[in-house]
Amino acid sequence: MLTLKLIQEKRDYVIDRLKVKCFDATEIVNKIISLDNQRKTLQSDTESAQKSMNEISKSVGMLMKEGKKDEAEKAKTQTAALKAKINEQTNQLKEIEVELQKNLVLLPNLPYEEVPQGKTAEDNKVVKMGNEIPTLTNALPHWELAKKYNLIDFELGVKISGAGFPVYIGKGARLQRALINFFLDEARNAGYLEIMPPTVVNQASGFGTGQLPDKEGQMYHCEIDDLYLIPTAEVPVTNIYRDVILDEKDLPIKNCAYTQCFRREAGSYGKDVRGLNRLHEFSKIEIVRIDTPEHSKESHKEMLAHVESLVKKLELPYRILHLCGGDMSFTAATCFDFEVFSAAQQRWLEVSSVSNFDSYQANRLKCRYKSADKKPQLCHTLNGSALALPRIVAALLENNQTEKGIRIPKVLVPYTGFEYID
RNA sequence: GGAGAGAUGGGUGAGUGGCUGAAACCACAAGUUUGCUAAACUUGCGUACGGGAUUACUGUACCGGGGGUUCGAAUCCCCCUCUCUCCGCCA
């Protein structure tokens, strides 16, 4: 969430910036400012009452010690009214703070200046394209290829779990493992520390990264234990730094993690969900960075370069989109999507989203850093997929189908141990 | 699942009603000394939100969370959560 300080000091700027996200913040911002001002007045008032109270209490102690019982009793009688006042005001303060908090979480993150104007995915700006789109004849979509070569059994998944939980078999399973190892190795070579986090998290973690309370319905929830299955490794890996004050010299922190990801995808159906296009469970390697405000943009560039190197090495036709204000997520300050072209479906498939959250997420997480003799200040957090497997697999299968089977990109062969799926 | 113990600052850990935002030690930072390193010594070292010339300084709150008793609570009482140990079960 945005900081109070920013809203107080740059009211008009905040409202103006949020217009890029097609969000009219005027009302909420005004409410927040008025609540905060009330809070300040009330707080000063309450604190001065508390001060008097503390002084009286102290004097009672002293008088008792000196054996002046009568005077002590007399002092005690002065406290009742004060106490009532303090109680009442403290309750009011709490109410105001709750209300303030409620309003604060309603405001999306401010988009950076360079974010394109626009409302929908149509307005996203293609900033780069790479690798040739292959021209295929009689190309099969990946779900048919998966059947033909016995790589993925979707029906079996339905039997065991339900739609959206495919079963990978033989070379299909090995391809998964190869991609996971390839992506992790690439990340490690780029300086990321490998983490293997839990895939089930508590409420506090869900709140920290912003899935809760707004996107509650997107996560699987184990009610008995009140735990959530993670929709992305971002959740556990970023929450490592919840309520943490880091040392400036430890930044930037660069972590990566492979996890299974679980998404309910409530409400989506139709041809978009065919095959591997949209799943309830899938594998993803995520890169996460914690950085200083001064360096986070540089970090973001490096992450984009890393993700681009992956799709390049996999020889997949790709394009990079700078998301417009309206299509960006609630929490992002700027975001680039990577899409690969799936030649049989003739569609671009999103395989990565690389975002800078500025201090928005850090403010929720209370993730701060400290330099020499300065006060702690909020970090910037960033993350991106590097990469999500299913759509990569869809594109690999479709684009590389040949007469003699499906060709594995050179860079993956050491990982798969085979050059063709046939 | 059964039984017990515990939760204090970055860490270890003292503290059974006021002089405790909190001893001591460790870690960390700055300085002094020594030819370097090390050692020794000195000093400093929590967070949040306020007030303030936004420097100095200063107020309030915070000892797992919430409530209560009291003029006054880290300390007493109640509830909750979590952690640890032992037993059982088990990958």
Side-chain angles (χ1 to χ4, degrees), chain A residues 1-10 32-105 196 198-208 212 222-228 236 239-251 253 260 290 359 362-379:
Chain A
M1 60 197 175
L2 300 176
T3 61
L4 265 175
K5 198 171 155 77
L6 179 75
I7 297 169
Q8 280 280 13
E9 288 172 4
K10 297 186 174 175
I32 287 171
I33 290 175
S34 121
L35 283 167
D36 191 41
N37 292 341
Q38 279 178 57
R39 190 198 107 242
K40 281 183 190 166
T41 322
L42 195 57
Q43 181 173 333
S44 311
D45 204 30
T46 310
E47 286 180 358
S48 73
Q50 280 168 328
K51 188 183 178 187
S52 318
M53 191 75 173
N54 289 343
E55 278 164 0
I56 293 171
S57 296
K58 207 163 233 176
S59 78
V60 170
M62 299 297 277
L63 291 167
M64 295 288 265
K65 201 170 245 178
E66 290 164 18
K68 296 173 181 168
K69 261 202 153 169
D70 291 350
E71 285 182 51
E73 287 303 322
K74 204 173 152 193
K76 281 192 199 179
T77 59
Q78 302 170 10
T79 60
L82 259 184
K83 203 173 170 180
K85 183 180 174 186
I86 291 169
N87 274 338
E88 196 199 317
Q89 292 191 336
T90 318
N91 288 338
Q92 267 183 50
L93 252 185
K94 270 187 202 161
E95 279 171 34
I96 290 177
E97 270 160 17
V98 168
E99 194 62 21
L100 198 51
Q101 190 68 17
K102 267 190 201 162
N103 280 279
L104 275 172
V105 299
M196 186 179 268
T199 43
V200 171
V201 297
N202 58 27
Q203 253 190 43
S205 296
F207 180 82
L212 295 174
C222 292
E223 270 183 46
I224 273 196
D225 298 301
D226 197 19
L227 294 170
Y228 296 83
N239 271 281
I240 294 172
Y241 305 96
R242 168 155 49 86
D243 295 320
V244 167
I245 300 177
L246 293 154
D247 205 317
E248 185 175 21
K249 67 175 189 283
D250 296 329
L251 300 176
I253 282 171
Q260 290 298 89
I290 316 281
S359 62
N363 192 31
R364 271 194 167 204
L365 287 161
K366 296 287 166 273
C367 172
R368 291 162 292 168
Y369 75 98
K370 208 170 175 174
S371 54
D373 29 69
K374 284 191 203 150
K375 289 193 103 187
Q377 56 176 318
L378 292 171
C379 297

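In what follows, chains carry the letters A, B, and so on, assigned in the order in which the sequence lines appear, proteins first and then strands, with residues in each chain numbered from 1. Predicted model, so just to flag it, every value in this text is computed and none were measured.
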Under 6.0 Å from the CG atom of A/D70, do we count more than 12 heavy atoms belonging to anything else shown?
-> no
Can you tell me how far the OG1 atom of A/T3 sits from the CD atom of A/Q8, to the nearest 0.5 Å?
-> 10.5 Å
Which value, in whole Å, describes the distance between the C1' atoms of nucleotides B/C49 and B/G15?
-> 28 Å
One should report the stems of RNA chain B, each a stretch of at least three consecutive Watson-Crick or G-U pairs at distances under 3.5 Å, as B:1-7 with B:81-87, B:10-12 with B:24-26, B:28-32 with B:40-44, B:46-51 with B:57-62, B:64-68 with B:76-80
Distance, C1' atom - from B/U8 to B/U16, rounded to whole angstrom = 15 Å
Given the P atoms of B/C19 and B/C87, what is the spacing between them in whole Å?
-> 45 Å
Whole-Å distance separating the NZ atom of A/K85 from the C1' atom of B/U60 | 14 Å
Rounded to whole angstroms, how far apart are CG on A/D250 and C1' on B/C28?
-> 12 Å
Rounding to the closest angstrom, what is the interatomic distance between B/G35 and B/A23 at atom P?
-> 37 Å
Just how far, in rounded Å, is P of B/U60 from CD1 of A/I86?
-> 11 Å
Let me have a per-nucleotide readout for nucleotides 71-82 of chain B, 5' to 3', with B, S or -, counting only protein heavy atoms under 4.0 Å.
-> BS----------
Please state how far atom CD in A/E248 lies from atom C1' in B/A29, giving the value in whole angstrom units.
-> 15 Å
Only one of A/K40, A/Q89, A/Q92 clears side chain to side chain donor-acceptor pair (under 3.5 Å) with A/D45; which?
-> A/Q89
Toward the 5' end of RNA chain B, which comes first, A/K249 or A/S48, by nearest nucleotide?
-> A/K249
To the nearest angstrom, how far is A/N87 atom CG from B/U70 atom P?
-> 12 Å
What interatomic distance, in whole Å, is found between C1' of B/C62 and the corresponding atom of B/A74?
-> 11 Å
Taking only residues two or more places apart in sequence or in another chain, which ones pass side chain to side chain contact (heavy atoms under 4.5 Å, CB included) with A/E55?
-> A/K51
Test salt bridge (charged side-chain N to carboxylate O under 4.0 Å, His left out) applied to A/K76 - qualifying residues, sequence neighbours left out = A/E73
Results of side chain to side chain contact (heavy atoms under 4.5 Å, CB included) for A/K10 - residues two or more places apart only | A/L6, A/Y13
Whole-angstrom distance between B/G64 and B/G9, as gauged at atom P | 7 Å
Between B/A30 and B/A39, how far is it from one P atom to the other, in whole Å?
-> 15 Å
Using side-chain hydrogen bond (donor to acceptor under 3.5 Å, both in side chains) as the criterion, list what pairs up with A/N202, not counting sequence neighbours.
-> A/S205
Which residues satisfy the side-chain hydrogen bond (donor to acceptor under 3.5 Å, both in side chains) test with A/K5, sequence neighbours excluded?
-> none
Which residues share a side-chain hydrogen bond (donor to acceptor under 3.5 Å, both in side chains) with A/R39, sequence neighbours left out = A/D36
Residue list, ring pair (Phe, Tyr, Trp, His ring centres under 6.0 Å) with A/Y228, at least two apart or on another chain = A/H221
Look at all strands and tell whether A/K94 reaches a base, only sugar-phosphate, or nothing, counting heavy atoms closer than 4.0 Å.
-> sugar-phosphate
side-chain hydrogen bond (donor to acceptor under 3.5 Å, both in side chains) partners of A/K83, counting only residues at least two apart | none
Just call it for A/N54: base, sugar-phosphate, or nothing, with non-hydrogen atoms closer than 4.0 Å on any strand.
-> sugar-phosphate
By salt bridge (charged side-chain N to carboxylate O under 4.0 Å, His left out), which residues pair with A/D247, not counting sequence neighbours?
-> A/K249
When the C1' atoms of B/C71 and B/C63 are considered, how many whole Å apart are they?
-> 22 Å
Going 5' to 3' along nucleotides 45-50 of chain B, which nucleotides have protein heavy atoms under 4.0 Å from the base (write B), which only from the sugar-phosphate (write S), and which from neither (write -)?
-> -SSSBS
Value in whole Å for how far the P atom of B/G10 lies from CG of A/D243 = 11 Å
